[in-house]
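As structure tokens, the structure follows; a few thoughts come after it.
All values reported here derive from a predicted model rather than from experimental measurement. Reminder, nothing fancy here: chain letters follow the sequence lines and each chain counts from 1.
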2 protein chains.
Amino acid sequence: MGFCDNCVVRNRAICAALDSTEIQALNAIGRRRKLEPGQSLLWEGEDSVLVANVIEGVLKLSTGTSDGREQIVGVVYPSDFIGRPFGKQTAHSVTALTDATVCVFSRTDFDSFAREHPALEHKLLQRTLSELDRTRQWMLVLGRKSASERIAAFLLDMSERLVEPGCVTLPDEPHQTFDLPFSRQQVADVLGLTIETVSRQFTKLKTEGVIDLPSRRSVTILNREELEDRAG
Amino acid sequence: MGFCDNCVVRNRAICAALDSTEIQALNAIGRRRKLEPGQSLLWEGEDSVLVANVIEGVLKLSTGTSDGREQIVGVVYPSDFIGRPFGKQTAHSVTALTDATVCVFSRTDFDSFAREHPALEHKLLQRTLSELDRTRQWMLVLGRKSASERIAAFLLDMSERLVEPGCVTLPDEPHQTFDLPFSRQQVADVLGLTIETVSRQFTKLKTEGVIDLPSRRSVTILNREELEDRAG
DNA sequence: CGGGGACTTGACGGCCTTCAATGAGAGTGG
DNA sequence: CCACTCTCATTGAAGGCCGTCAAGTCCCCG
């Protein structure tokens, strides 16, 4: 008996495609690993040595230019899949934003296992297709939207994704108040802006009564409709 | 006997995963369709009714805001796969940039067929994973790069992708001269810029001897190293 | 209470957009 | 063959949004 039996994402991660015999076999080639905020699991450009499922926490996928500019290209939550199966190189770094627990596999072990279990590959395909849609949708934000539109779109996106099981929300106003797993700089890195612009847009929305900022990391949406209008 | 037997992308598209018996079955549920430049195959937000393989030509994937701003989120070439299998909605429009031929399937027919042919799903998974990597890489361009860096990165990307089989290149300088399948406006829509900025950056590169512009749609790279430096 | 990092706020400048006019090519018909 | 037209591309001028640089403020944590 292994970790999988009492895994909180057992029925939501790609593992849900497997029966109890199969999951034991998968369990045998995986191991759990804990990460602290700021700790990386994969580095851009390195060989693709491992893949993983997110069990707990939030992680960022990022790339950067040679002169230090950074862009966050994805954010993963519990039950999401990490890494590049069937490929030699990792195209982006993966770094924990919060305390996180992941279920790690050697990439080659996982590749072999997946090839023998089409149902698992099917789940992974569905996830990858959804992620591709989501990523392309975000290109519209980066390519065509103003700073205020970006912030509004970002807050709406966060409010939707942080209510999924496994992510903390305050008890009283479940969909309206949430804690960002990002610093201001990281928000800037998601949106392709500077930290100062992000800060100014946050305070502007607060001043105009669209949101409230109870603490550094937390946000309350006071007027969702208005925020949706501003998202463009 | 059907179209597949003499299909020019038979060995490069996801169909390469199938043996001759299987390909006959796939052939039975597909049909060919020709598209003219500007003609769309799928529309953003519509039900996902069909998927396709590109046989010939170049097509764009695009989305836009309600007030008419457009962003091209992907470009597909011969042997690439189009559409959203296993999903209800199409997240972006698909429009031909050149004369194009595609091999079309009903989405539900394709879904059933794919589920019965793991090797096909595996090919599709590999393609989708590569496309996701490529798309995320492009987010760095949209989020963090200046106009001149974007143009340089774009020209280098084009020079690499347009030499693939099925795309026309001039005989004398295979990798250095190529015809863009884009108008200036479409280049702007790929890069998240305006047509004027694109035009100015093109003429700047020409003036400084990095590229030449023999005609409206064609580009010659005179100094690739310099272009790589400018891509950031 | 005091240090240090994260965040905010302000002033200024530059890059890109916007608006507008000119120029170049391709196709058409006289 | 050449005016004519229409579209696409180029070029110019001006303005605005956001980045940069620099203080100042707020918290968190020791």
Could you go step by step and tell me if A:Asp99 and A:Lys34 meet the salt bridge (charged side-chain N to carboxylate O under 4.0 Å, His left out) rule? CA-CA 7 Å; A:Asp99 281 307; A:Lys34 285 187 182 295; over 6 Å; no

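The nearest whole Å value for the distance from the CZ atom in A:Phe202 to the P atom in D:dC18 is 15 Å. Atom CG in A:Leu191 sits about 14 Å away from atom C1' in D:dC18, given to the nearest Å. Rounded to whole Å, atom P of C:dA20 lies 17 Å from atom CD1 of B:Ile195. Look at CG on B:Leu205: it is 12 Å from P on D:dT10, rounded to the nearest Å. In this entry the distance linking CG of A:Leu193 with C1' of D:dT20 reads 14 Å, nearest Å. In this structure, A:Arg69 atom CZ and D:dC18 atom P are separated by 18 Å, rounded to whole Å. Atom NZ of B:Lys206 and atom P of C:dA24 are 11 Å apart (whole Å). A straight line from CZ of A:Phe182 to P of C:dC7 spans 13 Å, rounded to a whole angstrom.
Taking side-chain N and O atoms only, A:Ser215 has no distance below 4.0 Å to OP1 or OP2 of D:dC27. Dashed line: the shortest gap from a side-chain N or O of A:Ser199 to OP1 or OP2 of C:dT9 is not under 4.0 Å. Considering only side-chain N and O atoms, B:Thr197 lies under 4.0 angstrom from the phosphate OP1 or OP2 of C:dT17.
In the interface, the side chain of A:Gln201 is not paired with the base of D:dC18 through any donor and acceptor atom under 3.5 Å apart. In terms of polar N and O atoms assigned as donor or acceptor, the side chain of B:Arg184 never comes within less than 3.5 Å of the base of D:dT11 in a complementary pairing. A donor-acceptor contact under 3.5 angstrom links the side-chain atoms of B:Arg200 to the base of D:dG12. In this model, a side-chain donor or acceptor of A:Arg216 finds a partner on the base of D:dC26 within 3.5 Å. For A:Glu196 and D:dC21, a side-chain-to-base donor-acceptor distance below 3.5 Å is present, hydrogens and geometry of angles not being considered. A donor-acceptor contact under 3.5 Å is not formed by the side chain of A:Arg144 with the base of C:dT17.
Salt bridge B:Glu226/B:Arg230: present, at least one basic N to carboxylate O contact under 4.0 Å.
A side-chain donor-acceptor contact under 3.5 Å links B:Arg84 and A:Ser130. Between B:Asp133 and B:Gln137, the side chains place no donor N or O within less than 3.5 Å of an acceptor N or O (distance only, hydrogens not considered).
Remark: B:Arg161 is not positioned above the aromatic ring of B:Tyr77, lacking an NZ or CZ atom under 6.0 angstrom from the ring centre and at most 45 degrees off the axis.
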